[in-house]
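Remember, it's 1-based here, ligands and their atoms both numbered in the order they're listed.
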Amino acid sequence: MKNRITELFGIQHPIIQGGMHFVGFAELAAAVSNAGGLGTITGLTQRTAADLANEIAKCREMTDKPFAVNLTFLPTVNSPDYPGYIDAIIKGGVKIVETAGRSPQEYMPALKDAGIKVIHKCTSVRHALKAQSIGCDAVSVDGFECGGHPGEDDIPNMILLPRAAEELEIPFVASGGMADGRSLVAAIALGAEGMNMGTRFIATQEAPVHENVKQAIVAASELDTRLVMRPLRNTERVLNNAAVERILEKEARLGKDLKFTDIIDEVAGVYPKIMKDGDMELGAWSCGMVAGLIHDVPTCQQLIDNIMNQAEEIIRARLAGML
Ligand SMILES: Cc1cc2nc3c(=O)[nH]c(=O)nc-3n(C[C@H](O)[C@H](O)[C@H](O)COP(=O)(O)O)c2cc1C
């Protein structure tokens, strides 16, 4: 399949693995890129810029295909060393950056001067238009279904994607709720030129996370995610567990008085213990409703091949046959 997204990033299939905290290491990024998609290393999972440089070098040894680095701009008081991370990206020869969180405007000159293609992930048409106006090459439009931070507008992809298509000139991919060839064809029908997946890529052989995480996703249905931190306007879609129940109880009890410190035990610093050690009840971790469509743990190559075969089958046999 060829379109503006495959051309822009020099990839075989319009399938992107989004940045994921404590999941997006070199092993997964390389596996996705080797399978013809675009793999992504998660920048902030690396503690320092030097660590990111090492992870990029490691990924380069594992694939000769293009891969990206995710830079998530967090609403924190003490900003991470973004200039250092960008320096590591440029010196590591990475040519694609996925930005998320706040607008990447401040860092666009540095990225564009280095010839880097920027795809900004956002949850609204207005933020997508802003990304286009500051020179982003593409956007990843993240619907309400998505794992992680869906924003505060709550617009599902059935509406958000065609709205993005009405307004945008730059190409965009659909993100949130994407799992298979059906998702890809639907995303394209709604105006996207590919898809970005998070949760689906965690349940793969190469994702360097504990087996418990993969099995939790396979066992989960579409009813098993919850939205936490809504009162803090930092909404996150997570898989339900004991820690999430505690957060929701505190949110209901404290209402508008809820502060981040009230839930810090359940959300701060929990990712390594969940993703590496498989301690599944320890804290809140991002997961999409798409868990309901995930029933296996294939290799990235099998997953991407299956997606492309199913998409082709739907287009050629099912859709063309109706005309
Ligand atoms: C465990 C997990 C961690 C994530 N961490 C990040 C992150 O650090 N930065 C980011 O931009 N997006 C992050 N995301 C969002 C994904 O990149 C992607 O946009 C999202 O998962 C798409 O929705 P889906 O899970 O329905 O495919 C994370 C998602 C998951 C499931």
Original post:
When you measure from atom 25 (O) of ligand 1 to every protein heavy atom, which one gives the shortest distance, and what is it?
Top reply: Thr199 OG1, 2.6 Å

Subject >> Within-cut-off N or O pair, Trp285 and ligand 1, under 3.5 Å >> reply: no

Original post:
How far is atom 8 (O) of ligand 1 from its nearest protein heavy atom, and which residue and atom is that?
Top reply: His21 N, 3.5 Å

Original post:
Hey, is Met275 touching ligand 1 through its side chain, its backbone, both or neither, going by heavy atoms under 4.0 Å?
Top reply: side chain

Subject >> Geometric N/O contact Tyr271 with ligand 1, under 3.5 angstrom >> reply: no

Subject >> Protein residue, atom and distance nearest to atom 22 (C) of ligand 1, heavy-atom basis >> reply: Ser175 OG, 3.5 Å

**OP:** May I ask you to decide whether Arg318 forms a salt bridge with Glu313, counting only side-chain N to carboxylate O separations under 4.0 Å?
**Re:** no

Original post:
Using heavy atoms and a threshold below 4.0 Å, how should the contact between Asp142 and ligand 1 be classified: side chain, backbone, both, or neither?
Top reply: side chain

Original post:
Against heavy atoms of Ala100, which atoms of ligand 1 measure under 4.0 Å?
Top reply: 11 (O)

Original post:
With no hydrogens and no angle check, is any side-chain donor or acceptor of Ser33 less than 3.5 Å from a backbone partner on Ala30?
Top reply: no

Subject >> Shortest protein contact, atom 4 (C) of ligand 1 (heavy atom only) >> reply: Met20 CA, 3.5 Å

**OP:** May I ask you to check if ligand 1 and Gly198 share an N or O to N or O distance below 3.5 Å?
**Re:** yes

**OP:** Could you tell me whether the side chain of Asn241 and the main chain of Met280 form a donor-acceptor pair under 3.5 Å?
**Re:** yes

**OP:** Answer yes or no: is there a donor N or O on one side and an acceptor on the other, between the side chain of Asn212 and the main chain of Asp279, under 3.5 Å?
**Re:** no

**OP:** Between Thr45 and ligand 1, find which residue part has any heavy-atom pair under 4.0 Å and reply side chain, backbone, both or neither.
**Re:** neither

Subject >> Ser286 and ligand 1 - part of the residue with a heavy-atom distance under 4.0 Å >> reply: both

**OP:** Kindly say whether Thr72 contributes a backbone atom to a donor-acceptor pair with the side chain of Tyr82 at under 3.5 angstrom?
**Re:** yes

**OP:** Look at ligand 1 and say whether Arg200 reaches it with a heavy atom at a distance under 4.0 Å.
**Re:** no

Subject >> Modelled atom types, side-chain donor and acceptor of Asp142 and Thr123, under 3.5 Å >> reply: no

Original post:
Is Asp262 reaching over with its side chain to a backbone N or O of Leu258, donor-acceptor style, under 3.5 angstrom?
Top reply: no

Subject >> Carboxylate-amine/guanidinium contact Glu152 Arg230, below 4.0 Å >> reply: yes

**OP:** Please determine, by modelled atom types, if Lys214 and Gln205 share a side-chain donor-acceptor pair under 3.5 angstrom.
**Re:** no

Subject >> Closest to atom 15 (C) of ligand 1 among Gly43, Gly18, Gly147 (heavy-atom distance) >> reply: Gly147

Original post:
Heavy atoms only: which of Gly19, Gly288, Gly177 is nearest to atom 26 (O) of ligand 1?
Top reply: Gly177

Original post:
Taking NZ, NE, NH1 and NH2 as the nitrogens, is one of them in Lys58 or Glu61 under 4.0 Å from a carboxylate oxygen of the other?
Top reply: no

Original post:
Can you tell me if Asp224 uses its side chain to pair, donor with acceptor, with the backbone of Ala220 under 3.5 Å?
Top reply: no

**OP:** Identify, by atom number and element, the atoms of ligand 1 in contact range of Val290, meaning under 4.0 Å from any of its heavy atoms.
**Re:** 26 (O)

Subject >> Within-cut-off N or O pair, Asn70 and ligand 1, under 3.5 Å >> reply: yes

Original post:
If you measure from the Lys or Arg side-chain nitrogens to the Asp or Glu carboxylate oxygens, is any gap between Arg200 and Asp296 under 4.0 Å?
Top reply: yes

**OP:** Provide the number and element of each atom of ligand 1 under 4.0 Å from a heavy atom of Met197.
**Re:** 27 (O)

Original post:
Which bit of Thr72 gets closer than 4.0 Å to ligand 1, counting heavy atoms only: side chain, backbone, both or neither?
Top reply: side chain

**OP:** Could you tell me which atoms of ligand 1, counted from 1 in the order shown, lie closer than 4.0 angstrom to a heavy atom of Asn196?
**Re:** 18 (C), 19 (O)

**OP:** Can you run down the salt bridge (Lys or Arg N to Asp or Glu O under 4.0 Å) pairs that involve residues 181-196, sequence neighbours left out, and say none if there aren't any?
**Re:** Arg4-Glu193, Asp180-Arg182

Original post:
Using a heavy-atom cut-off of under 4.0 Å, does the side chain or the backbone of Lys121 touch ligand 1, or both, or neither?
Top reply: side chain

